[in-house]
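The structure appears right after this line, and notes come after that.
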Amino acid sequence: MDQEQGSKIGYGRGFLAALDQSGGSTPKALAQYGVPESGYATEDEMFDHMHAFRSRIITAPAFNGDRILGAILFEQTMDRDVAGTATPAYLWDRKQVVPFVKVDEGLADETDGVRLMKPFTKLDDVLARANRRRVFGTKMRSFIARSNSAGVAAVLDQQFAYAERILDADLMPIIEPEVDIHSDEKQSAEELLRQGILDRLSALPDGRQVMLKLSIPTQDDFYAELIEHPKILRVVALSGGYSQHDADARLARNHGLIASFSRALTEGLRYQQTDDEFNRTLDTSIAAIDRASTT
């Protein structure tokens with residue numbers, strides 16, 4: 001791993017931008033941006049619109065390493081160019097933003113109150129391409145809907161098994177076991193999750209670290225032990241469906257927890273905006289999320 005990038009992620013001030021919407025979530029993201037499904041006829045056209053949206057964000061003046069530590073990319077975005085330069089290289093060389101890539105292939109059906117990741121069918125190839133493109137790390141998402149000990153254990157066993165393979169490829173894994181913010185069992189699920197993570201960290205060989213991407217906890221500072229853990233490089237938070245204002249307010253009450261927002265970051269951005277309007281809106285969002293991430 002690149003030591004300069006690792007130092008920035010581990011100790012820098014700022015947050016991660018999540019620009020990794022996959023095929024299933026792209027239509028909704030584009031609709032919120034002002035591009036309805038009637039605006040494209042094929043999947044290729046849809047992804048072209050999405051890449052143009054991401055490129056507009058990445059090239060905006062406000063999007064730089066002063067407040068943004070890293071950006072999580074969709075696999076296809078990793079393979080495309082921004083302003084004539086490979087996206088990961090553009091992020092790091094031009095913006096000083098550390099690139100990550102989403103490696104999971106979507107979620108399986110719910111069992112035991114959770115949705116595991118579908119089995120990875122191309123991980124070795126994605127990791128090899130990520131290394132060639134100077135990507136620092138990866139991200140993979142599971143989903144926890146209920147406080148079910150067997151389900152949470154299955155999520156973490158799967159996540160940590162893949163994390164070992166990612167570490168073997170000399171990349172930094174972001175483990176994302178998202179807890180449903182609407183679940184009436186959210187807090188008890190978080191208790192199972194925290195203990196399960198601590199148990200598995202003890203089995204992680206000395207000298208190895210992972211990152212965590214977690215839902216903002218019900219109880220403020222609930223993940224403080226994980227944030228301070230020597231085998232955790234950084235703990236970041238997803239917005240999980242909260243509005244930007246609500247996510248920022250909740251995040252600010254959790255010391256040391258920083259954002260890795262997607263929908264909350266792009267809130268208010270519209271295809272129809274002029275570049276000045278777009279850039280002002282993005283700058284305002286970045287400033288607010290940065291403030292919430294520096295408590």
Side-chain angles (χ1 to χ4, degrees), residues 16 18 20-26 28 72 74-75 100-123 126 137-167 172-204 210-219 222-223 225-227 229 231-232 234-242 247 250-251 254 257 259-264:
L16 271 62
D20 60 335
Q21 298 92 344
S22 59
S25 57
T26 294
K28 183 176 180 181
I72 304 170
F74 182 46
E75 179 188 343
F100 293 78
V101 64
K102 167 186 161 72
V103 294
D104 68 80
E105 299 175 39
L107 297 174
D109 293 337
E110 184 174 322
T111 304
D112 292 332
V114 305
R115 297 183 68 185
L116 297 174
M117 298 178 291
K118 293 178 181 177
F120 291 8
T121 63
K122 54 182 181 179
L123 181 61
V126 175
T138 68
K139 192 215 76 166
M140 47 192 173
R141 171 180 173 264
S142 312
F143 190 76
I144 299 170
R146 297 290 174 192
S147 178
N148 182 298
S149 57
V152 173
V155 161
L156 292 176
D157 285 343
Q158 184 187 46
Q159 284 273 358
F160 273 84
Y162 280 127
E164 290 275 10
R165 290 177 59 184
I166 292 162
L167 287 165
M172 172 58 61
I174 300 176
I175 292 170
E176 182 184 5
E178 176 181 350
V179 177
D180 185 357
I181 64 169
H182 303 295
S183 173
D184 55 7
E185 301 175 18
K186 180 175 181 283
Q187 185 164 2
S188 57
E190 289 166 347
E191 292 169 0
L192 289 173
L193 181 63
R194 181 178 66 177
Q195 188 57 53
I197 292 170
L198 289 169
D199 291 343
R200 285 158 183 80
L201 287 174
S202 65
L204 194 67
V210 298
M211 292 177 62
L212 299 174
K213 181 169 178 174
L214 305 174
S215 303
I216 302 171
T218 306
Q219 178 184 324
F222 185 73
Y223 292 126
E225 187 175 1
L226 296 177
I227 290 168
H229 200 288
K231 293 182 180 178
I232 299 292
R234 203 79 188 246
V235 183
V236 303
L238 56 109
S239 51
Y242 292 125
R250 292 170 183 271
L251 182 65
N254 286 269
L257 187 64
S260 176
F261 292 171
S262 175
R263 281 169 290 184

Inset, instruction - Measure across Pro177 and Val155 and return the closest heavy-atom pair with its distance rounded to 0.1 Å. - result: CB-CG1, 3.8 Å
Legend entry - Leu226 side, atom CG; Arg234 side, atom CZ - distance, nearest 0.5 Å: 14.5 Å
Inset, instruction - Could you list the residues that satisfy ring-ring contact (aromatic ring centres under 6.0 Å, His included) with Phe143, not counting sequence neighbours? - result: none
Legend entry - Set of residues satisfying side chain to side chain contact (heavy atoms under 4.5 Å, CB included) with respect to Arg250, sequence neighbours excluded: Ile216, Tyr242, Asp246, Arg253
Legend entry - For Arg141, salt bridge (charged side-chain N to carboxylate O under 4.0 Å, His left out) partners two or more places apart: Glu178
Legend entry - Non-hydrogen atoms of Ser147 and Leu192 that approach each other most closely: OG-CD1, 3.4 Å
Legend entry - Within-4.5 Å side-chain heavy-atom neighbours: Asn148 and Glu185: no
Inset, instruction - Check salt bridge (charged side-chain N to carboxylate O under 4.0 Å, His left out) between Glu191 and all other residues, then give those that pass, not counting sequence neighbours. - result: none
Inset, instruction - Compare every heavy atom of Val179 with every heavy atom of Ala189, then report the nearest pair and how far apart it is. - result: CB-CG1, 4.2 Å
Inset, instruction - List in chain and number order the residues that pass side chain to side chain contact (heavy atoms under 4.5 Å, CB included) with Glu105, two or more places apart in sequence or in another chain; answer none if no residue qualifies. - result: Phe120, Thr121, Lys122
Legend entry - Those residues that, when tested against Glu164, pass side-chain hydrogen bond (donor to acceptor under 3.5 Å, both in side chains) (two or more places apart): Arg208
Legend entry - Under the salt bridge (charged side-chain N to carboxylate O under 4.0 Å, His left out) test, residues paired with Asp184 that sit two or more places apart: Arg146
Inset, instruction - Could you tell me whether the side chain of Lys231 and the main chain of Leu204 form a donor-acceptor pair under 3.5 Å? - result: yes
Legend entry - Contacts of Arg165 that satisfy salt bridge (charged side-chain N to carboxylate O under 4.0 Å, His left out) - sequence neighbours left out: Asp124
Inset, instruction - Using the test side chain to side chain contact (heavy atoms under 4.5 Å, CB included), find all partners of Arg263 that sit at least two apart in sequence or belong to another chain. - result: Lys28, Gln32
Inset, instruction - Mind running side-chain contact (heavy atoms from CB on, under 4.5 Å) on Ile72 and Val101 for me, showing each step along the way? - result: CA-CA 5 Å; Ile72 304 170; Val101 64; over 6 Å; no
Legend entry - Closest non-hydrogen atom pair, Asp112 against Ala150: OD2-CB, 4.2 Å
Inset, instruction - From the options Val236, Leu257, Leu201, Ile197, select the one residue that forms a side-chain contact (heavy atoms from CB on, under 4.5 Å) with Leu212. - result: Ile197
Legend entry - Full working for side-chain contact (heavy atoms from CB on, under 4.5 Å) between Ser142 and Val114: CA-CA 8 Å; Ser142 312; Val114 305; over 6 Å; no
Legend entry - Donor-acceptor contact below 3.5 Å, side chain Arg200 vs main chain Phe160: no
Legend entry - side-chain hydrogen bond (donor to acceptor under 3.5 Å, both in side chains) partners for Asp180, two or more places apart: none
Inset, instruction - Check whether any side-chain heavy atom of Ile232 lies under 4.5 Å from a side-chain heavy atom of Val210, and answer yes or no. - result: yes
Legend entry - Stepwise side-chain contact (heavy atoms from CB on, under 4.5 Å) test for Leu251 and Phe261: CA-CA 11 Å; Leu251 182 65; Phe261 292 171; 4.0 Å; yes
Legend entry - Partner of Asp104 under side-chain contact (heavy atoms from CB on, under 4.5 Å), chosen from Met140, Glu176, Gln159, Gln158: Met140
Legend entry - Carboxylate-amine/guanidinium contact Lys186 Glu190, below 4.0 Å: yes
Inset, instruction - Check step by step if side-chain contact (heavy atoms from CB on, under 4.5 Å) holds for Asp199 and Leu156. - result: CA-CA 10 Å; Asp199 291 343; Leu156 292 176; over 6 Å; no
Inset, instruction - List for me each residue that meets side-chain hydrogen bond (donor to acceptor under 3.5 Å, both in side chains) alongside Ser215, sequence neighbours excluded, and say none if there are none. - result: none
Legend entry - For Ala18, all residues meeting side chain to side chain contact (heavy atoms under 4.5 Å, CB included), sequence neighbours excluded: Asp20, Lys213, Ser260, Ser262
Legend entry - Side chains of Val235 and Leu214 in contact at under 4.5 Å (non-hydrogen atoms): yes
Inset, instruction - State whether the side chain of Arg115 and the backbone N or O of Ala108 hold a donor-acceptor pair below 3.5 Å, judged by distance alone. - result: yes
Inset, instruction - Tell me, yes or no, whether the heavy-atom count around Glu110 atom CD, taken from other residues, nucleotides or ligands under 6.0 Å, exceeds 12. - result: yes
Inset, instruction - Heavy atoms only: give me the nearest Pro217-Phe222 pair and the separation to one decimal. - result: CB-CB, 3.8 Å
Legend entry - Separation between OG1 of Thr138 and CG of Leu167, rounded to the nearest 0.5 Å: 8.5 Å
